[in-house]
Amino acid sequence: MILGIESSCDETSAAVYHPQRGMLSNVIASQQVHERFGGVVPELASRAHHTHISHVVEQALSEAGITKRELSGIAVANGPGLMGALLVGMSFAKGLHMQLGIPLVGVNHLDAHIYANFIESTPEYPFVALIVSGGHTRLLLVRGFMDHELLGETRDDAAGEAFDKTGKLLGLPYPAGPVMDKLSQGKNPRFVNFPKSFLNEGYEFSFSGLKTAVLYHLQAVPEADRPAYIEANLGDLCAAISEAITTVLVTKTMRAVKDTGVSTVVLAGGVSANSMLRSKFILSRSPERSEGAAKELQIHIPRPIYCTDNGAMIAVTGSMMLEAGRSDGLELKAFATGS
Ligand code: KG4
Ligand code: ZN
């Protein structure tokens, strides 16, 4: 029974995973304090993690119906993320490790997003993984467990950031991604043709041009009329922005599928909860649409609760790492960037 602890950004989360019985609990405390600042304030995030961590872990144990003495290992996200935030989860995990005398393993937050797909299904290697979160946008070829080749990543903003920043221009609260997803339902994705950077080449992404294009589009409306224009067309604007972001993500992932010849795609990270992205991937499964792939593509997308930050993904990845013979001790260090 593995306890997973996640505190890399603005979610304090803990989960208990059993390799045979599955995920026994997954408790997530989301921090509201950042909303009025329009983004995560690192110091406030650390303090909120500190306030919540012991309750969240206790609740995860009680929902799983176990005591901490029944745990056989502890997994904790040790980066990338906000240094102060990571240290709260790591100190807590190290304390438990010392107290209980059970193995501790540090889990890379981005790897955990990928292996969240193993909570409720079993993707076959090799596969192409698209990680789309608030801080990262990466395409990888995954040959086996923890055997990753980076195919391409964003040169500037991440996909989640593109949602959050364009949403902010529309006056939406942080994080705007989930709100824009809801507002886009049934709206016109062709309302404005926003730029899709590097659509026809390679695996690199760029979303900063989209942000500028949305800004210019709004500035073209006389200032006095702008609030009314946004209000009247909010859903269509969100749909058009979502269309630009998701088209690029799907096109590049399908290019990687074609070039590598794999038949499985795995989506990961908060933006993979996006309904337009999910349905575009489901539609691109058929051989006709996946440009000559030999058989129907297998698309794995975690349930939305396992897409955004959660302790469950840390627990499942940690469990797989421990099984592969990997563990850390008190010397485990947090890292803010890189991988
Ligand atoms: O993976 P995640 O929870 O945290 C990071 O590791 O960054 O991703 C958070 C990002 C935010 O930018 C948020 O706006 C976006 O994921 N997001 C969404 C949706 N749900 C979360 N973006 C679009 N549609 C959604 N449904
Ligand atoms: Zn994340």
Side-chain angles (χ1 to χ4, degrees), residues 4-13 15 26 28-31 34-35 38-40 42 45 49 76-82 85-86 89 107-117 129-138 153-154 157-170 172-185 187 189 205 207 210-211 235 238-250 266-281 301-314 316-317 336-337 339:
I5 296 178
E6 157 64 36
S7 71
S8 63
C9 191
D10 57 345
E11 256 92 29
T12 317
S13 181
N26 181 36
I28 305 171
S30 298
Q31 305 176 355
H34 310 287
E35 205 175 294
V40 177
H49 284 305
V76 62
N78 68 320
L82 301 170
L86 287 163
V107 176
N108 178 303
H109 179 91
L110 295 176
D111 292 344
H113 273 304
I114 297 177
Y115 296 102
N117 283 279
L130 173 71
I131 308 181
V132 272
S133 71
H136 296 85
T137 297
R138 279 188 186 171
E153 61 185 331
T154 184
D157 293 347
E161 226 175 334
F163 275 106
D164 297 339
K165 287 181 174 170
T166 54
K168 193 171 178 179
L169 295 173
L170 299 175
L172 298 174
Y174 176 87
V179 185
M180 293 173 78
D181 190 355
K182 285 203 189 78
L183 291 169
S184 305
Q185 305 295 324
K187 298 297 179 181
F205 301 87
F207 291 107
L210 172 64
K211 192 177 54 191
C238 289
I241 294 167
S242 308
E243 173 72 15
I245 297 171
T246 58
T247 301
V248 174
L249 295 176
V250 176
V266 156
L267 301 196
V271 178
S272 55
N274 183 265
S275 40
M276 192 184 281
L277 185 70
R278 295 170 85 93
S279 50
K280 279 199 167 122
F281 268 108
I301 320 175
R303 265 198 285 149
I305 192 68
Y306 295 137
C307 290
T308 44
D309 289 352
N310 63 83
M313 67 184 194
I314 306 297
V316 74
T317 311
T337 53
S339 47

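Both counts, for ligands and for their atoms, begin at 1 and track the order of listing.
- In terms of protein heavy-atom proximity, atom 10 (C) of ligand 1 is nearest to G134 N, 3.5 Å.
- Around the Zn ion (ligand 2), protein N, O or S atoms at less than 2.8 Å comprise H109 NE2, H113 NE2, D309 OD1.
- Every atom of ligand 1 with a heavy atom of G160 under 4.0 Å away is listed here by number and element: 12 (O).
- Shown here are the side-chain hydrogen bond (donor to acceptor under 3.5 Å, both in side chains) partners of K165, two or more places apart in sequence or in another chain: D157, E161.
- Pairing each heavy atom of H113 with each of T308, the nearest pair is CE1-C, 4.3 Å.
- Atoms of ligand 1 found under 4.0 Å from any heavy atom of P175, numbered from 1 in the order shown, are 14 (O).
- For ligand 1, the atoms sitting less than 4.0 Å from at least one non-hydrogen atom of G135 are 7 (O), numbered in the order shown with element in parentheses.
- The side-chain hydrogen bond (donor to acceptor under 3.5 Å, both in side chains) check on H136 picks up nothing, with sequence neighbours excluded.
- For ligand 1 and G177, the ligand atoms under 4.0 Å from any heavy atom of the residue are 14 (O), 18 (C), 19 (C), 22 (N), 23 (C), 24 (N), 25 (C).
- Heavy-atom proximity to H109, at under 4.0 Å, picks out these atoms of ligand 1: 6 (O).
- What you find for N26 and G311 is that their closest heavy atoms are OD1-N, 3.5 Å.
- The nearest heavy-atom contact from the protein to atom 15 (C) of ligand 1 is V271 CG2, 4.0 Å.
- Residue D164 touches ligand 1 through its side chain alone, judged by heavy-atom distances below 4.0 Å.
- Within the listing of ligand 1, atoms 3 (O), 21 (C) sit less than 4.0 angstrom from a heavy atom of T308.
- Atoms of ligand 1 lying under 4.0 Å from at least one heavy atom of D181, given by number and element, are 24 (N), 25 (C), 26 (N).
- Between the side chain of T137 and the backbone N or O of T154 there is no donor-acceptor pair closer than 3.5 Å.
- Although no hydrogens or angles enter the test, the distance criterion places a donor-acceptor pair under 3.5 Å between the side chain of Q185 and the main chain of D181.
- Side chains of D10 and P175 form no contact here, defined as non-hydrogen atoms less than 4.5 Å apart.
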Go through the steps to decide whether L172 and C238 satisfy the test side chain to side chain contact (heavy atoms under 4.5 Å, CB included), and finish with yes or no. CA-CA 10 Å; L172 298 174; C238 289; 4.2 Å; yes

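- The shortest heavy-atom contact between D309 and S8 is OD2-OG, 4.4 Å.
- Shortest contact from atom 3 (O) of ligand 1 to any protein heavy atom: D309 N, 2.9 Å.
- Here the protein heavy atom with the shortest distance to atom 20 (N) of ligand 1 is G270 O, 3.4 Å.
- Taking a cut-off of under 4.0 Å to the non-hydrogen atoms of H113, the atoms of ligand 1 that pass are 1 (O), 6 (O).
- Closest of all the heavy-atom pairs between T166 and L210 is CG2-CG, 4.3 Å.
- A heavy-atom distance below 4.5 Å is not found between the side chains of T317 and N108.
- Closest to atom 24 (N) of ligand 1, if we only count protein heavy atoms, is N274 ND2, 3.0 Å.
- Contacts of Y306 classified as ring-ring contact (aromatic ring centres under 6.0 Å, His included), with partners at least two apart in sequence or in another chain: none.
- Across C307 and P302, no two heavy atoms sit closer than the pair SG-O, 3.3 Å.
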